[in-house]
Amino acid sequence: MDHTASPGGAAMPSDTEFAALAEQFRPELLAHCYRILGSIHDAEDLVQETYLRAWRAYGRFEGRSSVRRWLYKIATMACLTALETRSRRPLPSGLGAPSDDHRVAFVSREPSVAWLQPAPDALFRAGDPAAIVAGRTGVRLAFIAALQLLPARQRAVLTLRDVLEFRTAEVAEMLDTTTAAVDSALRRARVRLAEAGPVEDDLAEPDEETRRTLLDDYVDAFTRADSGALVNLLRADVELEMPPNEVWFTGRRAVAGFLADRVLRRDRFRLVPTGANGQPAVVTYLRLGDGRYEGHGVQVLTLIGARIARITAFNDPSLVPTFTLAPVLTS
């Protein structure tokens with residue numbers, strides 16, 4: 001996969017020269033950092049750090065690898081350093097069992113938990129080689145959540161080998177380790193990922209037309225607070241989780257009951273269709289007392305067949321500017 005011409009040893013380039021050489025890799029590096037970190041905000045910061053480090057070190061780059069692989073080495077090591085002081089980012093489903101009763105009391109939110117974040121398709125779709133290697137799977141929400149179960153170094157090895165398809169020797173060079181160590185880490189990572197359950201959406205995902213129709217119907221039912229129409233879109237085993245709330249629900253009765261009793265009110269929300277993690281999604285806006293709609297969060301839908309299998313509602317207003325340049329709507 002590495003076929004970028006390397007420039008050989010060179011003095012520190014100008015901003016224009018360096019940008020022309022390296023900027024083409026930014027979208028795929030962002031996807032890579034996101035896979036390892038589980039946070040699109042952290043990934044953006046680490047990609048910026050990667051480019052700053054690369055620009056400063058360019059004069060020492062000797063061209064023994066491609067520029068692309070050199071940037072991946074810098075980005076990966078930056079992510080691993082960052083993870084030395086950060087805990088894994090879970091979803092509620094990674095912390096405890098679900099409830100099948102929508103009347104369950106909510107526990108207080110735990111402010112110390114750094115939750116997994118969704119990522120907008122628009123930020124890295126065009127430049128991420130994983131889109132060619134594995135379709136949307138490389139950034140699927142279930143896959144990113146499963147990666148969080150792995151130690152940081154295993155995350156890096158698995159994404160570099162299995163998603164980006166770098167060779168073992170290339171990964172060993174990037175991580176300053178041996179090929180034997182890479183193979184060992186990869187085996188352990190694959191076993192742990194298999195134990196976590198299926199993380200690929202190979203369960204009869206619908207075609208693009210069905211995806212668009214389902215998303216449009218979901219937006220319509222949610223906005224009109226039509227719980228009956230919403231129920232018709234859900235699988236019997238549908239699941240709903242809503243970080244930062246640790247409580248999550250399983251089963252159509254519990255999910256529909258929770259939404260009808262505690263969430264759905266006509267015109268309470270505005271939903272703007274988008275894409276996140278290669279899946280249909282919506283940016284949500286909540287109506288304020290003065291009639292304005294303020295950014296509320298992002299919902300990501302997992303589809304199986306012609307039904308919704310999971311709703312992951314990230315109730316985090318800080319995500320909205322990442323998905324749109326209009327964080328506040330007017331009525």
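Computation of the quantities below employed the complete heavy-atom set of this structure, encompassing side-chain atoms and omitting hydrogens, waters and symmetry-equivalent molecules.
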In terms of hydrophobic clustering (I, L, V, M, F, W, Y; side-chain heavy atoms under 4.5 Å; direct or indirect links), are L240 and L214 co-clustered? yes

Of all heavy-atom pairs between [X] and [Y], which one has the smallest distance, and what is that distance?
X    : Y    : value
W115 : R89  : O-NH1, 2.6 Å
Y293 : F269 : CE2-C, 3.9 Å
R88  : P90  : O-CD, 3.3 Å

Around atom CZ of R265, are there more than 12 heavy atoms from other residues, nucleotides or ligands closer than 6.0 Å? yes

Is it the case that over 12 heavy atoms from other parts of the model lie below 6.0 angstrom from the CD atom of E195? yes

Looking at [Y], is its backbone amide N or carbonyl O close enough to the side chain of [X] to form a donor-acceptor pair, meaning the two atoms are under 3.5 Å apart?
X    : Y    : value
D101 : A254 : no
R155 : I36  : yes
T50  : L46  : yes
Q279 : L141 : yes
S39  : Q117 : no
Y51  : A22  : yes
R26  : V47  : no

Carboxylate-amine/guanidinium proximity below 4.0 Å for R211 and E208: yes

Are the side chains of R190 and L158 in contact, using a 4.5 Å heavy-atom criterion? yes

Taking the side chain as C-beta and beyond, is there a heavy-atom pair between V157 and L150 under 4.5 Å? no

Using the salt bridge (Lys or Arg N to Asp or Glu O under 4.0 Å) rule, pick out the option among E28, E23, E170 that qualifies with R68. E28

